[in-house]
Each structure stands twice: as C-alpha cells, then as structure tokens.
There are 2 protein chains.
Amino acid sequence: MGRPPAFDEDEVLTGAMHAFRRKGYRGASVRDLEQATGLKMGSIYNSFGDKAGLFDAAFAHYNASFVRGRIDRFAPPSAGLAGLRALFLSVTEEPGGESYGCLITNSAVELGGAEPAPAWVADGLRLLSDTFAERLAAAQARGELRAGLHPAGTAAKLLALYQGILVLVRAGHDKAVLRHLVIDEFANLEARHDR
Amino acid sequence: MGRPPAFDEDEVLTGAMHAFRRKGYRGASVRDLEQATGLKMGSIYNSFGDKAGLFDAAFAHYNASFVRGRIDRFAPPSAGLAGLRALFLSVTEEPGGESYGCLITNSAVELGGAEPAPAWVADGLRLLSDTFAERLAAAQARGELRAGLHPAGTAAKLLALYQGILVLVRAGHDKAVLRHLVIDEFANLEARHDR
DNA sequence: CCCTTTCTTGAACATCTGTTTTAAAATATC
DNA sequence: GATATTTTAAAACAGATGTTCAAGAAAGGG
C-alpha cells in the first residue's frame with residue numbers, strides 16, 4: 001500500500017558517494033546532492049532522514065561496494081603479493097586530471113577532530129588492514145614473503161602507506177614517483193631469490 | 001602616521017593555525033577565528049583581506065615556524081637517521097586525546113579537489129621531502145644507510161608514510177601500533193651490522 | 001594642538017546552509 | 001474505481017556563513 005520509490009538506490013548512493021568524495025561532507029551541500037543523486041530535497045529527507053543519514057548510507061555503500069569491489073578486482077586471494085601491489089598501483093591511476101580521493105581517507109581527516117568519529121572510517125580501515133594481513137599471511141605460507149616479516153605489523157605499515165599515497169594523489173603529487181615507490185616497497189616485501 | 005596594530009602577529013597566526021588545523025578551512029568559521037585569534041571581525045578583514053588571506057598567512061606560518069621548528073628540534077642534521085625516527089615518533093605523541101592533525105595533510109585532503117590547490121601544501125610537502133632526502137643522503141655518506149637504498153626514492157616513501165601516519169592519528173588509530181610501525185621501518189633503513 | 005591616517009568595534013547585509021512544510025502526483029489494496 | 005499511503009515537487013524558513021559598512025579610538029606629523 002502506498003507509492004513505491006521511483007529511484008534506484010544503488011545509483012543514488014553511488015552519486016552521493018562521489019559527491020562526498022570530491023567535495024567532502026561539509027563541502028557537499030544538499031543542493032549539490034540533489035544534482036548528484038537525481039533526487040529532490042524532499043525525497044532525500046524522506047528516504048534518508050537528513051544529510052548525515054545520506055552520508056552514512058553512501059559511506060556504507062562505498063565500503064561494501066567500491067572498496068571491496070576494488071579489492072576483489074585487483075587483489076583477490078589468488079593474486080598474492082602481486083595483487084596487493086596492483087591494488088596500490090590502481091589508486092595512482094585514477095582517470096582524468098581530477099583526484100577524487102578516497103572517502104575513508106578524506107573522512108578520517110575531515111571528521112577526525114569531531115567527537116564521534118564515524119564508525120565507517122574505522123570499518124573501512126579495518127577492511128583494508130585485514131585484507132593486507134590476510135594476503136601477507138598467505139604469501140608467507142607460500143614462501144613468497146621475505147624472511148623476518150610479520151604479516152600483522154607489515155599490514156599496519158601498508159595501511160599507513162596506502163593512506164599516505166591517497167593524500168599525495170589528492171595533493172596532485174607526481175604519480176610516476178608514487179608508482180615507483182609502490183614497486184620499490186613491494187620488491188622489498190618479496191622473498192629474495194637472488195641471494 | 002596612523003594607528004599601529006595592537007595585536008601580536010605571531011600570536012594571531014598561531015591561533016588561526018590551530019583553529020584551521022582542528023576544524024579545517026571550511027569548518028573554521030570567521031566567528032571561530034575571532035575567538036582563536038583574539039581579533040574582531042573587522043580587524044581580520046582589515047589585516048588579511050578575507051578568510052582565505054588569513055588562511056594563507058596562517059599556513060605560511062605553519063610551514064615556516066611549526067614544521068620547521070619540529071624538524072629542527074627532533075631531526076637536526078646532526079641527529080642522522082635516529083633524528084628522522086624521532087620526528088616520526090613525535091607525531092604519534094600529540095598531547096591530549098584530541099588529534100589536531102597536520103595542516104598540510106588536512107589541507108591537501110580538504111582542498112585537493114579544488115582547482116587551485118594552495119601552494120602551501122606543495123611547499124610543506126617539499127620541505128618534508130627535502131629534509132628526509134638530505135638526512136638520508138647524509139646517513140648514506142656516513143655508512144648508516146642500508147646498502148642499495150636511494151635517498152630520493154626512500155624520501156618519497158617516507159613522505160607517503162608520514163602523511164599516512166597523520167591520517168591514522170587523526171582517525172584515532174592505536175598509537176602503539178603506529179610507533180611500532182615507525183620503529184620497524186627505520187630498523188629496515190639502517191645498515192645491517194649483524195650480518 | 002589639530003588632523004590625517006590607520007586600526008578597532010560591532011552592527012548590518014546578502015547569501016548559502018540544512019531542514020520543514022505544503023500541496024500535488026502516483027500506486028497498491030480493498 | 002475509491003481510498004489510503006507514500007513519494008515527489010517546490011516553496012518557505014530559521015540559522016549560519018562570509019563580507020561590508022559606518023562610527024569611534026589611537027597614534028604620528030604638521
């Protein structure tokens with residue numbers, strides 16, 4: 001009973017997610033979000049409660065679809081260390097001159113000073129960190145990892161490196177330098193067969 | 001001729017700098033800046049033109065005083081690799097529960113999407129990167145650096161790691177993990193005397 | 001001492017913000 | 001097909017935002 005919604009929720013969340021990514025939570029006005037989602041103000045408030053509600057939904061969508069999709073595409077369990085490297089390289093190859101950045105990184109920085117740091121930031125960071133640790137542990141089991149490295153500790157370092165690369169990408173840093181950096185770092189993680 | 005300003009410019013810029021650091025460029029309202037600087041609205045506009053002008057001046061102050069001061073204190077040329085490590089560790093030891101973050105990192109993320117990325121971001125990043133490269137080169141000359149490492153490339157990696165650590169600090173990440181990460185990374189950079 | 005110049009103050013302004021409200025349109029159930 | 005219920009649409013609202021304005025205050029030069 002009652003009229004069903006006329007919009008596709010995935011499209012709406014994807015549009016909102018990109019708007020928040022580009023302009024930040026504060027920088028994306030509700031009028032901007034109208035254009036990004038195709039919804040009108042009333043529908044946004046009717047469906048998501050308020051701007052923070054839409055942000056929450058968009059962030060959840062970002063973690064569950066965008067980040068996880070990127071992991072599955074570039075760094076599936078079978079791809080090993082090379083997959084992780086491909087994941088890192090992929091963030092330096094965003095299309096176009098514009099640097100959209102990562103919603104996790106951007107939100108951590110923008111909202112990090114506020115009292116209730118949104119749970120989605122911690123969730124996204126954990127998703128990345130857990131993925132890194134799992135792939136590193138698998139690589140270690142296969143003897144692909146350099147001796148003396150601990151998956152958990154190395155995962156923490158990779159998480160910091162990943163966030164830092166995203167900051168530098170957003171700052172317009174030279175991408176060739178960033179790619180070189182990633183290649184070097186993963187060469188250091190690999191088992192040394194040449195000794 | 002004319003009445004001289006009654007405020008101390010360093011105090012004003014320091015106050016503004018902290019406000020921008022905590023709340024971001026957009027998040028710090030001109031009313032907030034009144035309280036942070038002690039100046040009244042009219043004086044702010046009379047002295048700095050507009051909010052962006054105050055931000056510019058505060059950012060220049062941050063680079064020239066805060067960042068450079070931190071470098072000089074923790075990582076003077078004489079301190080070698082251990083100085084760099086101390087510099088990295090210092091960002092994980094900010095006082096209080098609140099994480100103010102780094103104006104360079106925060107601005108790179110917040111304003112990175114905008115067309116004219118402020119020059120102070122690039123300047124600050126270069127100041128850090130140049131310092132890292134110089135200290136690494138000096139360490140190499142003294143034989144403190146692990147063989148096969150290039151100062152410039154390693155400096156780029158350290159810059160990314162530094163920015164990433166600041167993101168994670170702002171996200172409220174466990175500081176013990178971050179400290180461990182720094183210690184591990186610098187152990188990897190040091191020449192191996194135990195082989 | 002006057003008077004020009006500059007700084008300070010605090011109110012005023014227009015615009016933009018997130019949100020609410022009102023009325024219309026559309027569909028599912030009976 | 002009537003009714004109930006929800007979505008849509010667009011206007012309206014209160015508050016916050018960046019900025020400007022006009023009047024008073026403080027110093028230095030004549």
Side-chain angles (χ1 to χ4, degrees), chain A residues 1-59 103 106-107 110-111 113-116 118 120, chain B residues 1-59 103 106-107 110-111 113-116 118 120:
Chain A
M1 41 184 150
R3 176 179 174 180
F7 61 85
D8 177 45
E9 186 162 2
D10 257 34
E11 280 181 22
V12 164
L13 292 181
T14 300
M17 162 190 116
H18 283 133
F20 283 126
R21 225 149 65 91
R22 266 182 317 204
K23 306 190 152 199
Y25 176 70
R26 272 177 264 229
S29 74
V30 179
R31 273 88 180 169
D32 290 336
L33 294 167
E34 276 192 289
Q35 198 184 341
T37 60
L39 265 58
K40 301 289 181 178
M41 308 208 58
S43 298
I44 291 179
Y45 279 85
N46 186 48
S47 303
F48 299 96
D50 57 5
K51 181 182 174 180
L54 176 57
F55 181 71
D56 269 19
F59 208 147
L103 192 55
N106 298 0
S107 303
E110 182 182 2
L111 310 172
E115 282 314 312
W120 304 113
Chain B
M1 40 180 151
R3 176 178 174 179
F7 60 87
D8 177 43
E9 185 162 2
D10 257 33
E11 279 182 23
V12 164
L13 292 181
T14 300
M17 164 189 114
H18 283 133
F20 283 126
R21 225 149 66 90
R22 268 182 316 204
K23 306 193 152 196
Y25 176 69
R26 273 180 267 243
S29 74
V30 179
R31 272 92 180 166
D32 290 336
L33 293 167
E34 275 192 291
Q35 198 184 341
T37 60
L39 264 60
K40 302 289 181 177
M41 309 211 60
S43 296
I44 292 180
Y45 279 84
N46 187 47
S47 302
F48 299 98
D50 56 5
K51 181 182 173 180
L54 176 56
F55 181 71
D56 269 20
F59 208 147
L103 192 55
N106 298 0
S107 303
E110 181 181 3
L111 310 172
E115 283 314 314
W120 304 113

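Numbered from 1 within each chain, the chains take letters A, B, ... in sequence-line order.
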| What residues, two or more places apart in sequence or in another chain, satisfy side-chain hydrogen bond (donor to acceptor under 3.5 Å, both in side chains) together with B/Ser47? | none
| request: Could you list the residues that satisfy salt bridge (Lys or Arg N to Asp or Glu O under 4.0 Å) with B/Arg26, not counting sequence neighbours? | output: B/Glu110
| query | Given atom CG of B/Asn46 and atom C1' of D/dA25, what is their separation to the nearest angstrom? | reply | 14 Å
| task | Would you please name every residue forming a side-chain hydrogen bond (donor to acceptor under 3.5 Å, both in side chains) with A/Asp50, sequence neighbours left out? | result | none
| Can you check whether A/Phe59 reaches A/Ser107 side chain to side chain, under 4.5 Å on heavy atoms? | yes
| Quick one: does B/Asn106's side chain have a donor or acceptor within less than 3.5 Å of a partner on B/Arg21's backbone? | yes
| d(CD1, B/Ile44; P, C/dT6) in whole Å | 21 Å
| query | Side chain of B/Ser47: nearest nucleotide among C/dG10, D/dA9, C/dT8? | reply | C/dT8
| field | Contacts of A/Asp32 that satisfy salt bridge (Lys or Arg N to Asp or Glu O under 4.0 Å) - sequence neighbours left out | value | A/Lys23
| Side-chain N or O of B/Ser43 less than 4.0 angstrom from OP1 or OP2 on C/dT8? | yes
| task | For DNA chain C, produce a single dot-bracket line, 5' to 3'. Pairs: Watson-Crick or G-U wobble, both distances under 3.5 Å. Symbols: ( ) within strand, [ ] crossing, | other strand, . unpaired. | result | .|||||.|||||||||||||||||||||||
| Quick one: B/Leu39 CG to C/dC7 C1', roughly how many Å, whole number? | 10 Å
| query | Under 4.0 Å between a side-chain N/O of B/Lys40 and OP1 or OP2 of C/dT8, yes or no? | reply | no
| Reckon B/Ser29 touches a base, only the sugar-phosphate, or nothing at all at heavy-atom distances under 4.0 Å? | sugar-phosphate
| message | Just the rounded figure in Å: distance from P of C/dG18 to NZ of A/Lys23. | response | 11 Å
All N/O pairs under 3.5 Å across the protein-nucleotides 19-23 of chain D interface:
| from | atom 1 | to | atom 2 | distance (Å) |
| --- | --- | --- | --- | --- |
| D/dT19 | OP2 | B/Tyr45 | OH | 2.7 |
| D/dT19 | OP2 | B/Lys51 | N | 3.2 |
| D/dT19 | O5' | B/Tyr45 | OH | 3.4 |

| message | Among residues at least two apart in sequence or on other chains, which ones pass ring-ring contact (aromatic ring centres under 6.0 Å, His included) with A/Phe48? | response | none
| request: Using atom CD of A/Glu34 as one end and atom C1' of D/dA11 as the other, report the distance to the nearest whole Å. | output: 12 Å
| request: Could you tell me the separation between the CG atom of A/Asp8 and the P atom of D/dT7, rounded to a whole number of Å? | output: 16 Å
| query | How many Å lie between CZ on A/Arg26 and P on D/dG18, as a whole number? | reply | 11 Å
| query | Among pairs that include at least one residue of residues 5-16 of chain B, which meet side chain to side chain donor-acceptor pair (under 3.5 Å), considering only residues two or more places apart or in two chains? | reply | B/Thr14-B/His61
| Roughly how many Å is it from OH in B/Tyr25 to C1' in D/dT17, rounded to a whole number? | 12 Å
| For B/Tyr45, ring-ring contact (aromatic ring centres under 6.0 Å, His included) partners two or more places apart | none
